[in-house]
**Student:** 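My questions will all concern the structure given below.
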Amino acid sequence: MRILRSVRHKSCADGTFMKEFLLSAPVPAGFFSYLENFGEVESLPNLGEGFYKFEKPDWFSIKGFAGDTTVEVRFKKEVMDLTVNFLYLLFSSYREGSVDLPVLKQREEAVGKRVREHLYGHD
């Protein structure tokens, strides 16, 4: 599953920057279980086919429904340029079944270090 393009974007009152992304395939419910490796996932399965929210503090949040071909992502503006590539990597690396988590976790740590340095002046 890949992100094809941003179909809508705007600055939000809470200081985040929202982008709605069009995906190459519908989001499988298993994608949100996969995201639990990188942050907190909240599930509201009785809403539509299943509404999910993923939160990675200081990076971004993802909201969407299982089965949809779009997701809403809210970026922390100050570090969006550091985290957007990791978002694309999360989507493109997802495979139902096996995922190379050690490589993704290594990449996450490298980006996390840069985010902390940018936001807080230290690692």
Side-chain angles (χ1 to χ4, degrees):
M1 177 174 46
R2 294 179 302 109
I3 294 174
L4 298 177
R5 68 180 177 276
S6 173
V7 292
R8 189 170 62 113
H9 55 273
K10 67 178 180 177
S11 291
C12 301
D14 65 358
T16 60
F17 190 79
M18 187 278 297
K19 286 190 172 200
E20 184 178 351
F21 289 107
L22 177 63
L23 306 173
S24 62
V27 178
F31 178 71
F32 292 96
S33 295
Y34 153 77
L35 288 179
E36 288 177 334
N37 293 291
F38 305 98
E40 186 177 323
V41 174
E42 181 182 348
S43 168
L44 299 171
N46 297 329
L47 196 61
E49 287 191 38
F51 176 78
Y52 294 88
K53 179 181 177 187
F54 167 78
E55 183 73 34
K56 183 145 185 68
D58 290 338
W59 292 45
F60 49 76
S61 66
I62 303 170
K63 295 178 185 178
F65 288 92
D68 273 3
T69 55
T70 61
V71 291
E72 177 186 296
V73 180
R74 288 182 183 244
F75 293 93
K76 185 163 184 123
K77 277 187 198 178
E78 299 88 346
V79 293
M80 187 169 103
D81 60 325
L82 301 175
T83 60
V84 70
N85 287 336
F86 189 76
L87 174 80
Y88 277 82
L89 183 62
L90 282 178
F91 278 88
S92 65
S93 297
Y94 175 73
R95 307 275 185 279
E96 291 193 61
S98 66
V99 175
D100 194 356
L101 282 177
V103 170
L104 288 171
K105 295 300 282 180
Q106 190 175 38
R107 186 77 173 272
E108 175 190 32
E109 183 53 40
V111 174
K113 181 178 179 182
R114 293 176 63 206
V115 166
R116 290 187 299 276
E117 288 172 352
H118 186 82
L119 291 176
Y120 306 110
H122 61 81
D123 179 27

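Throughout, numbering of the chain's residues begins at 1 and tracks the sequence.
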**Student:** Applying ring pair (Phe, Tyr, Trp, His ring centres under 6.0 Å), can you list everything that pairs with F38, at least two apart in sequence or on another chain?
**Tutor:**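 Counting only residues at least two positions away or on another chain, F38 forms a ring pair (Phe, Tyr, Trp, His ring centres under 6.0 Å) with Y34, F86.
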
**Student:** Transitively linked via ILVMFWY side-chain contacts under 4.5 Å: Y88 with L90?
**Tutor:**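 Looking at the clustering, L90 is in the same group as Y88.
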
**Student:** Stepwise, does the salt bridge (Lys or Arg N to Asp or Glu O under 4.0 Å) test hold for R74 with E55?
**Tutor:** CA-CA 9 Å; R74 288 182 183 244; E55 183 73 34; over 6 Å; no

**Student:** K105: which residues meet the salt bridge (charged side-chain N to carboxylate O under 4.0 Å, His left out) condition with it, sequence neighbours left out?
**Tutor:**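 K105 satisfies salt bridge (charged side-chain N to carboxylate O under 4.0 Å, His left out) with E108 once adjacent residues are dropped.
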
**Student:** Would the distance check show the side chain of T83 and the main-chain N or O of V79 forming a donor-acceptor pair, the cut-off being under 3.5 Å?
**Tutor:**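 The answer is yes, because a donor-acceptor pair under 3.5 Å joins these two groups.
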
**Student:** In the hydrophobic cluster built from side-chain contacts under 4.5 Å, what are the other members alongside L4?
**Tutor:**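 Besides L4, the cluster holds V7, L22.
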
**Student:** Hey, does Y52 have a side-chain heavy atom less than 4.5 Å from the side chain of L35?
**Tutor:**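 Heavy-atom side-chain distance check fails, nothing below 4.5 Å.
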
**Student:** Could you tell me which non-hydrogen atom of S11 sits nearest to which non-hydrogen atom of F17, and how far apart they are?
**Tutor:**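 Distance-wise, the nearest heavy atoms are OG-CD1, 3.6 Å.
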
**Student:** Please determine whether residues L87 and M18 belong to a single hydrophobic cluster, defined as Ile, Leu, Val, Met, Phe, Trp and Tyr linked transitively by side-chain heavy-atom distances below 4.5 Å.
**Tutor:**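 Looking at the clustering, M18 is in a separate group from L87.
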
**Student:** Checking K76 now: which residues fulfil salt bridge (charged side-chain N to carboxylate O under 4.0 Å, His left out) with it, not counting sequence neighbours?
**Tutor:**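 Checked K76 against salt bridge (charged side-chain N to carboxylate O under 4.0 Å, His left out); matches are D58.
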
**Student:** For the atom pair CZ (F75) and SG (C12), what is the distance rounded to the nearest 0.5 Å?
**Tutor:**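 The CZ atom of F75 sits 11.5 Å away from the SG atom of C12.
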
**Student:** I need the minimum non-hydrogen distance between P28 and Y94, along with the two atoms involved.
**Tutor:**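 Closest heavy-atom pair between P28 and Y94: CG-CE2, 3.5 Å.
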
**Student:** Starting from the C-alpha separation in whole Å, work towards a yes-or-no answer on side-chain contact (heavy atoms from CB on, under 4.5 Å) for F91 and I62.
**Tutor:** CA-CA 11 Å; F91 278 88; I62 303 170; 4.1 Å; yes

**Student:** Scan K63, E40, E72 and name whichever one has a side chain to side chain contact (heavy atoms under 4.5 Å, CB included) with K53.
**Tutor:**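 For K53, the side chain to side chain contact (heavy atoms under 4.5 Å, CB included) check succeeds only for K63.
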
**Student:** Counting only heavy atoms not in E78, do more than 12 fall under 6.0 Å of its CD?
**Tutor:**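 Yes - once you tally the heavy atoms of other residues, nucleotides and ligands closer than 6.0 Å, there are more than 12.
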
**Student:** If you define the side chain from C-beta out and look only at heavy atoms, does anything of K19 sit under 4.5 Å from V84?
**Tutor:**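 No, too far: nothing below the 4.5 Å cut-off.
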
**Student:** Any idea which heavy atoms bring M1 and P26 closest together, and the distance?
**Tutor:**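 Distance-wise, the nearest heavy atoms are SD-O, 4.1 Å.
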
**Student:** Would you mind reporting whether H118 and R114 have side-chain heavy atoms less than 4.5 Å apart?
**Tutor:**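 In short, these two side chains do not touch, never coming nearer than 4.5 Å.
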
**Student:** Once the angle between the rings of F54 and F60 is folded into 0 to 90°, is it parallel (under 30°), tilted (30 to 60°) or perpendicular (over 60°)?
**Tutor:**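 Tilted.
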
**Student:** Run the numbers on V27 and V71 for side-chain contact (heavy atoms from CB on, under 4.5 Å), then give the verdict.
**Tutor:** CA-CA 9 Å; V27 178; V71 291; 3.9 Å; yes

**Student:** Of all the heavy-atom pairs spanning R107 and L89, show the shortest one and how long it is.
**Tutor:**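 For R107 versus L89, the nearest heavy atoms are NH1-CD2, 3.5 Å.
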
**Student:** Listed by chain and number, what are the side chain to side chain donor-acceptor pair (under 3.5 Å) partners of R8, not counting sequence neighbours?
**Tutor:**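 Checked R8 against side chain to side chain donor-acceptor pair (under 3.5 Å); matches are E20.
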
**Student:** Supply the atom-to-atom distance E42 CD to S61 OG, rounded to the nearest 0.5 angstrom.
**Tutor:**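 Answer for the CD-OG pair, E42 versus S61, is 11.0 Å.
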
**Student:** Under the side chain to side chain donor-acceptor pair (under 3.5 Å) rule, collect the residues that match up with S92, sequence neighbours excluded.
**Tutor:**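 Partners of S92 under the side chain to side chain donor-acceptor pair (under 3.5 Å) test: none.
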
